[in-house]
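Written out below as structure tokens is the structure these notes cover.
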Amino acid sequence: MPLFYLLILNPGFEIHSRNRRFYLSAGIGAALKGLYYNKLNYTKPVLNPSMGINYTFSANSKLSFSTGYTTSIGDMMTLLTEPMQVDYRSVRTSSGIIGESNTWHTSGDWKWQLPMQYFTLSLAASHSEGKQNTLTSQSVSGIDVSSTALLRDSRSRSTSFSASVTKNIPSLFAKLGADGSYSFGSGEQAVGETVIDTRTNSYALHGNATITPVPWLELRYDINYGWSRSRYSEESNTTTSLSHSGAVHIFPIAALDLSLDYDHVRRQLTTDQYKHMSLFNASAQYKWKQCVLRLELTNLLNQRSYSYTVFDGINTYTYDYTLCGRTMMLRATFKLWNHAE
């Protein structure tokens, strides 16, 4: 068993303005980290400084910023000297070295609210860079994959941006929302002793709406679109996905709830091949005194499988799931007594 120990001394300070609109905090994060494993002895003093800033422009607008540096050692996976079965096709092992990783992360976000107009806008950005003293190396034999760790410094970095907006329309009993994100990054992977630089970038868009046009009817809709690209050497792989979901709730009387919901997904399998899947479900629930009766009908279209492909650096993963077919379930729930407040 490895033995970890950690001694921390974190002097810091906080500053704020008289009107509390500006706030600054910072810390040094001094620590002595150590690990003993068999005959390996690793002890290192580290400094992990951090800082955070909040500034309130007005009652409707606020800006936040934070940055920090972290050091970690002794990832258990770097101490393995015997192969470990990760799944039925993958094996992972290591040289028994003690791992160390260092990460610098910076993020900021700005929020603008108009409460009387039921409107909110948020913008955010983040950046991180990491370095560790090991590099994962893969060896592929047919469809079997084995991984080990090379004693070699490796670096990675990633940057992301996101935005979201929400708007309520009380006169229509409606709530609308939309958000999007974009990210890109780079890293290193190895095949045997060959080191390969990888680059990725992706974006995602999402929208949703909930509307209650009449008291006995509620409509919901949600849509997601995603695009990602992975590049290394002369190879470039791109995947896209599009999904919709919606629901209809009907309340003809207070005790009865009728609902119908659906999901439709379009995922890319190969460059010119896509997989479509649609799921429809329905339910009816009736409450009478201490009894609740619920009838559920799932997978009305009898969809039996679902597949998609993911590109991750130099690896391509294809998943194929088997789904439960069309089913019907009737449930009855009884309450024998009510709990007094």
Side-chain angles (χ1 to χ4, degrees), residues 111-122 162-181 204-226 240-267 274-308 319 321-341:
K111 179 176 289 187
W112 182 42
Q113 296 178 322
L114 298 175
M116 301 303 296
Q117 286 76 37
Y118 304 98
F119 177 84
T120 301
L121 172 65
S122 298
S162 63
S164 65
V165 59
T166 60
K167 170 66 176 178
N168 288 7
I169 308 176
S171 59
L172 300 178
F173 298 97
K175 181 179 180 180
L176 309 177
D179 58 83
S181 63
L205 302 173
H206 168 248
N208 62 85
T210 301
I211 303 175
T212 308
V214 291
W216 50 268
L217 177 64
E218 180 184 89
L219 306 174
R220 289 185 295 162
Y221 178 72
D222 194 280
I223 182 172
N224 287 276
Y225 177 79
T240 61
S241 65
L242 177 64
S243 64
H244 308 259
S245 64
V248 178
H249 287 272
I250 303 175
F251 312 94
I253 58 177
L256 181 62
D257 178 7
L258 306 176
S259 67
L260 174 67
D261 63 82
Y262 81 95
D263 290 276
H264 178 77
V265 180
R266 178 180 182 267
R267 297 291 295 266
Y274 294 84
K275 176 72 174 182
H276 295 259
M277 183 192 70
S278 296
L279 294 175
F280 278 85
N281 307 302
S283 66
Q285 179 173 289
Y286 181 76
K287 295 181 180 180
W288 181 71
K289 294 184 179 180
Q290 305 299 104
C291 176
V292 177
L293 297 176
R294 183 174 178 85
L295 175 64
E296 296 180 352
L297 306 173
T298 59
N299 198 3
L300 295 175
L301 299 180
N302 203 30
Q303 181 76 42
R304 304 309 298 266
S305 65
Y306 174 48
S307 304
Y308 63 94
Y319 300 91
Y321 295 97
T322 300
L323 302 178
C324 182
R326 186 184 297 115
T327 61
M328 179 178 67
M329 179 182 295
L330 177 63
R331 295 188 299 175
T333 305
F334 299 91
K335 287 186 178 181
L336 300 180
W337 64 84
N338 287 325
H339 293 281
E341 294 293 336

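On a predicted model such as this, the values are computed, not experimentally measured, just so you know.
For Tyr118, the ring pair (Phe, Tyr, Trp, His ring centres under 6.0 Å) criterion is met by no residue, not counting sequence neighbours. By the side-chain hydrogen bond (donor to acceptor under 3.5 Å, both in side chains) test, Asn168 pairs with no residue at all, sequence neighbours left out.
Asp257 places no side-chain N or O within donor-acceptor distance of the main-chain N or O of Phe251, the cut-off being under 3.5 Å. The main-chain N or O of Leu300 is found under 3.5 Å from a side-chain atom of Arg326 such that the two form a donor-acceptor pair.
Put simply, the side chain of Asp222 reaches to within 4.5 Å of the side chain of His206, judged on heavy atoms. Contact check for Val165 versus Phe119: side-chain heavy atoms found under the 4.5 Å cut-off. When side chains are defined from C-beta on, Tyr286 counts as touching Ile253, because their heavy atoms get closer than 4.5 Å. The shortest distance between side-chain heavy atoms of Thr240 and Tyr225 falls below 4.5 Å.
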(request) Walk me through it: do Leu279 and Asp261 pass the test side chain to side chain contact (heavy atoms under 4.5 Å, CB included)? (result) CA-CA 8 Å; Leu279 294 175; Asp261 63 82; over 6 Å; no
(request) Let me see the working for Leu217 and Val248 under side chain to side chain contact (heavy atoms under 4.5 Å, CB included), right down to the final yes or no. (result) CA-CA 7 Å; Leu217 177 64; Val248 178; 3.8 Å; yes
(request) Please lay out, stage by stage, how Ile211 and Tyr221 fare under the test side chain to side chain contact (heavy atoms under 4.5 Å, CB included). (result) CA-CA 9 Å; Ile211 303 175; Tyr221 178 72; over 6 Å; no
(message) side chain to side chain contact (heavy atoms under 4.5 Å, CB included) for Leu258 and Trp216? Distances and angles first, verdict last.
(response) CA-CA 10 Å; Leu258 306 176; Trp216 50 268; over 6 Å; no
(request) Given side-chain hydrogen bond (donor to acceptor under 3.5 Å, both in side chains), test His244 with Tyr262 step by step and report yes or no. (result) CA-CA 8 Å; His244 308 259; Tyr262 81 95; 5.1 Å; no
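Between Leu176 and Ala209, the shortest heavy-atom distance links the atoms CD2-CB, 3.6 Å. Residue Ser278 comes nearest to Leu301 through the heavy atom pair CB-CD1, 3.9 Å, listed as atom of the first residue, atom of the second, then distance. The minimum heavy-atom distance linking Ser307 with Arg267 is given by the pair O-CB, 4.2 Å. Between Gln303 and Leu323, the closest heavy-atom pair is O-CB, 3.6 Å.
With values rounded to the nearest 0.5 angstrom, Asn299 atom CG is found 7.0 Å from Asn281 atom CG. Note that CZ of Arg266 and OG of Ser243 are 12.0 Å apart. Values are rounded to the nearest 0.5 Å. Atom CG of residue Leu260 and atom CD1 of residue Ile250 lie 8.5 Å apart, to the nearest 0.5 angstrom. One distance of note links CG of Leu121 with OG of Ser164; it measures 7.0 Å at 0.5 Å rounding. Atom OG1 of residue Thr120 and atom CG of residue Leu114 lie 8.0 Å apart, to the nearest 0.5 angstrom. Here Thr212 contributes atom OG1 and Leu219 contributes atom CG; the two are 7.5 Å apart, rounded to the nearest 0.5 Å.
Within 6.0 Å of the NZ atom in Lys167, the count of heavy atoms belonging to other residues, nucleotides or ligands exceeds 12. By the neighbour-count criterion of 12 heavy atoms within 6.0 Å, atom NZ of Lys275 is densely surrounded, having more than that number from other residues, nucleotides or ligands. Other residues, nucleotides and ligands place more than 12 heavy atoms under 6.0 Å from the OH atom of Tyr274.
Among residue pairs with one or both ends in residues 285-299, those qualifying as salt bridge (Lys or Arg N to Asp or Glu O under 4.0 Å) are Arg294-Glu296, Glu296-Arg331; sequence neighbours excluded.
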